[in-house]
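Each chain gets a letter, A, B and so on, in the order the sequences are listed, and its residues count up from 1.
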Amino acid sequence: MPDLALADALAPWFRAHARDLPWRRPGFGAWGTLVSEFMLQQTPVARVVPRLAEWLERWPTPTALADDAPAEAVRLWANLGYPRRALWLHRAAVEIRDRHHGVVPRDVDDLLALTGIGDYTARAVAAFAYGDRHPVVDTNTRRVIARAVHGRAQPAPPHRRDLAEMTDLLPPAAPDAAVMNAAAMELGQVICTARTPRCGECPVQHLCAWVAAGRPETPDTRRRQARYEGSDRQARGAVLRLLRDRDPSPVAEDAVLAGWPDRAQRDRAILSLLADGLVEAEGGELRLPR
DNA sequence: CAGTCGTGGCT
DNA sequence: TAGCCAAGACT
């Protein structure tokens with residue numbers, strides 16, 4: 001039995017306050033939605049918006065991207081971070097071209113089978129692009145449910161049962177469910193934020209279990225991010241930035257990060273990038289994958 | 001399950 | 001200022 005109080009309170013707020021984002025324009029299309037969701041994985045909205053427009057102008061369809069070189073995808077990804085997402089998006093485009101006649105699939109299991117698409121992205125595409133009734137659960141939604149429903153300051157670590165819990169909060173009609181999914185994410189992003197929530201402006205504060213309990217602190221089980229300064233990730237980032245800037249010209253392997261303080265780390269970075277397929281080696285030179 | 005994987009703005 | 005955080009996915 002769904003508890004629709006949250007949905008009933010969130011829907012009007014969302015209709016009145018939803019930001020005008022590109023992927024919310026009518027007729028944005030499943031491909032645009034898919035690309036935007038890839039870019040939004042761990043990257044803030046503000047940085048995605050301009051890059052998304054460039055990407056879709058250059059590759060208006062999955063097949064257009066699939067027919068181009070992976071190097072171009074990695075290069076246009078630029079500074080969005082986690083560059084293997086660019087590679088995986090290119091692979092997904094190839095799979096869509098070869099297995100789905102160039103049409104972004106609508107079925108969640110078909111979407112899950114694509115490279116780089118997990119529980120969140122598969123359902124986001126099915127729900128937002130195709131309007132189907134699926135639970136779309138991201139970090140914002142988990143936080144909103146933790147507070148409003150369970151009275152906890154922070155959510156438990158992500159778990160598959162989160163999907164079933166969100167399903168119980170969705171209205172029966174598909175279009176209303178899509179609004180609820182988007183509204184929960186929006187609320188978590190602009191009001192019910194991780195660090196300093198703006199409860200005074202919250203449209204569901206009157207039924208929020210956390211507010212009712214006096215906003216208690218609860219044990220924080222979130223995973224801490226490893227330090228970036230001095231990390232292997234930083235070294236990988238530096239290697240790839242260099243190859244992006246030089247592309248399509250290759251760079252002599254000896255010249256890549258020649259002055260890096262930690263030689264072993266520099267070698268590790270190159271080897272792991274090769275293993276990931278983000279870099280190719282040929283004749284003692286490195287370059288983006290063609 | 002816990003570790004790994006970029007980048008930059010915000011507090 | 002240094003840490004926190006961001007529409008996650010894969011191994």
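One P atom belongs to dG3(B), the other to dC4(C), and the distance between them is 16 Å to the nearest Å. Here the separation of dA7(C) from dT11(B), taken at their P atoms, is 14 Å to the nearest Å. dT11(C) and dG6(B) have their P atoms separated by 14 Å, given to the nearest Å.
If L40(A) and T115(A) are placed on DNA chain C by their nearest nucleotide, the residue sitting closer to the 5' end is L40(A).
Contacts of D8(A) classified as salt bridge (charged side-chain N to carboxylate O under 4.0 Å, His left out), with partners at least two apart in sequence or in another chain: none. Under the salt bridge (charged side-chain N to carboxylate O under 4.0 Å, His left out) criterion, D262(A) pairs with no residue, sequence neighbours left out. In terms of the salt bridge (charged side-chain N to carboxylate O under 4.0 Å, His left out) criterion, D20(A) has no residue partners (sequence neighbours excluded).
Within the structure, the salt bridge (Lys or Arg N to Asp or Glu O under 4.0 Å) test picks out the following pairs touching residues 183-204 of chain A (sequence neighbours left out): R19(A)-E186(A), R24(A)-E186(A), R198(A)-E201(A). Residue pairs satisfying the salt bridge (Lys or Arg N to Asp or Glu O under 4.0 Å) criterion with at least one member in residues 48-68 of chain A, sequence neighbours excluded, are listed as follows: R51(A)-E54(A), R58(A)-D68(A), R58(A)-E72(A), D67(A)-R97(A). Applying the salt bridge (Lys or Arg N to Asp or Glu O under 4.0 Å) test to residues at least two apart or on different chains, the pairs with a partner in residues 238-256 of chain A are R75(A)-D247(A), D247(A)-R290(A). Note on residues 103-112 of chain A: pairs passing salt bridge (Lys or Arg N to Asp or Glu O under 4.0 Å), not counting sequence neighbours, are R106(A)-D132(A).
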Give the B/S/- string for nucleotides 1-11 of chain B, one per nucleotide from 5' to 3', where a protein heavy atom under 4.0 Å of the base yields B, of only the sugar-phosphate yields S, and otherwise -. --BBBBBB---
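At a threshold of 4.0 Å, the pair R123(A)-D119(A) counts as salt-bridged, since one of the basic side-chain nitrogens sits closer than that to a carboxylate oxygen.
Among all heavy-atom pairs drawn from L89(A) and L65(A), the shortest one is O-CD2, 4.0 Å. In terms of heavy-atom proximity, R236(A) sits nearest to S272(A) at NH1-OG, 2.9 Å.
Listed by residue number, the members of residues 260-271 of chain A with any heavy atom below 4.0 angstrom from DNA chain C form an empty set. Of the residues in residues 120-130 of chain A, those lying under 4.0 Å from DNA chain C by heavy-atom distance are Y120(A), T121(A). Proximity of residues 182-191 of chain A to DNA chain C (heavy atom under 4.0 angstrom from any strand atom) is restricted to M185(A), Q189(A).
If you check the side chains of Q41(A) and T121(A), you find a donor sitting under 3.5 Å from an acceptor.
Within 6.0 Å of NE2 on H206(A) lie more than 12 heavy atoms contributed by other residues, nucleotides or ligands. The environment of R263(A) atom CZ is dense: over 12 non-hydrogen atoms of other residues, nucleotides or ligands sit within 6.0 angstrom.
A 4.0 Å heavy-atom criterion places the boundary nucleotides of DNA chain C facing chain A at dG3(C) to dC10(C), written 5' to 3'.
Taking the six-membered ring wherever Trp is involved, the centroid distance between the rings of W77(A) and W55(A) falls below 6.0 Å.
Using a 30° and 60° split on the angle between ring planes, H17(A) and W13(A) fall in the tilted class, from 30° to 60°.
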